[in-house]
Structure formats: C-alpha cells, structure tokens
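Note sheet for the following structure.
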Amino acid sequence: MIMKKFLLILKCLVLIVILAGCSNDNDDSSLYNTWILVSYGNESNEVLKEANGYFYQITFNIDGTYSGLAYGNEMGGNYKCIGYGIQIYSGNITQKDCEGADPDHFFLEHLEDVYLYTITDTELKLFYSKDQYFKFRIKNSLK
C-alpha cells in the first residue's frame with residue numbers, strides 16, 4: 001500500500017517536472033520587434049503588391065499587446081500566440097485623414113484575419129488567408 005502511494009507520488013512529480021520543462025513554440029523572442037510592411041505575397045513567394053508608398057509598422061510586445069502605425073493612423077490592441085498560430089485583436093485605431101492614405105485600407109481590414117506566422121532573423125510573414133500574407137522586415141534592417 002505504501003509502495004503504491006510512493007509510486008503514484010513519484011509519477012506525479014515526474015509529470016510535473018516534464019510539463020514544467022516544456023516550452024511553447026511561440027517563445028521565439030524574435031517576434032518581439034518592430035516590423036515594417038514590405039509587400040503582400042502568396043505561398044509561391046510571388047509579390048502581389050509592393051508596400052512602397054504605404055507605411056505600416058507593427059511592434060509585438062512580450063506582454064501580448066501590439067502597437068503600430070497604419071499609414072498615419074496609430075493602432076494598438078492585443079494578440080495571442082499558440083505555437084505559430086496567432087490571433088490579432090484590434091483595439092484602438094485613430095482615424096486621421098492622411099494625405100495619400102492607402103485608399104483600400106487593405107492592411108487594416110485584414111489584420112484581424114491573420115491566423116499564422118512564419119519568422120526568420122529578419123523577415124516576418126503574417127498569413128491572413130490560406131495562401132496570402134503580409135511580409136515584413138525588421139525596422140532598421142536593410143534586408
């Protein structure tokens with residue numbers, strides 16, 4: 001009887017140690033940067049539209065919040081990562097009447113559709129559909 005209790009307690013302790021040692025896939029600290037939109041692309045790495053002339057910047061913070069600029073409009077809100085899945089919840093977006101503003105507001109309209117990200121040292125892709133994404137580079141990176 002004592003041996004069974006001891007083995008049960010030992011199994012529980014081993015399980016706790018194993019679970020405590022596991023880390024989430026999204027512990028990739030490289031996400032926590034400021035990113036500049038470069039282009040809109042698809043799964044074939046084809047550029048659908050260059051972001052030249054438009055200015056979008058997003059900063060992901062470690063506390064699950066983000067902030068940024070969407071062609072002169074300040075934006076911010078929350079996001080949640082599960083593995084490489086990501087859900088972005090828009091919060092505040094200031095609507096400024098910016099000269100030359102993005103006429104289709106494509107970025108802002110599809111930001112909440114983002115569900116997946118891929119990341120390298122200098123590139124972030126936020127997928128807003130099965131085969132289309134926003135491509136970013138780290139701010140101040142020449143790549």
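Residue indices begin at 1 and follow the sequence shown.
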Hey, is the main chain of K135 close enough, under 3.5 Å, to the side chain of Y40 for a donor-acceptor pair? no
Aromatic contact, Y117 with F127 (centres under 6.0 Å): no
So which atom in Y84 and which in I119 form the shortest heavy-atom distance, rounded to 0.1 Å? CE2-CG2, 4.4 Å
From the list Y66, Y79, Y89, Y128, side chain to side chain contact (heavy atoms under 4.5 Å, CB included) with L111 holds only for Y66
Here the pair of heavy atoms bringing L69 nearest to E74 is CD2-CG, 3.9 Å
Step by step, work out the side-chain contact (heavy atoms from CB on, under 4.5 Å) result for F60 and L124. CA-CA 11 Å; F60 290 101; L124 171 68; 3.9 Å; yes
For the atom pair CG (L116) and NZ (K130), what is the distance rounded to the nearest 0.5 Å? 13.5 Å
Would a distance-only check, ignoring hydrogens and angles, find a side-chain to backbone donor-acceptor pair under 3.5 Å from N61 to D63? no
Under the criterion side-chain contact (heavy atoms from CB on, under 4.5 Å), I'd like the reasoning laid out for I36 against R137: C-alpha separation, chi angles, the key distance, then a yes or no. CA-CA 5 Å; I36 305 293; R137 66 168 171 78; 4.2 Å; yes
Looking at every heavy atom in both C81 and L31, which two are closest together, and how far apart are they? SG-CD2, 3.8 Å
Distance, nearest 0.5 Å, that separates CD1 of I58 from CZ of F134: 9.5 Å
Rounded distance (nearest 0.5 Å) linking atom CG of L37 with atom CZ of F136: 5.0 Å
What I'd like to find out is whether the side chain of T34 reaches to under 4.5 Å of the side chain of Q57, using heavy atoms alone. yes
Of all heavy-atom pairs between E123 and W35, which one has the smallest distance, and what is that distance? C-CZ3, 3.8 Å
Taking Q87 for its side chain and E112 for its backbone only, find out whether a donor-acceptor pair lies under 3.5 Å. yes
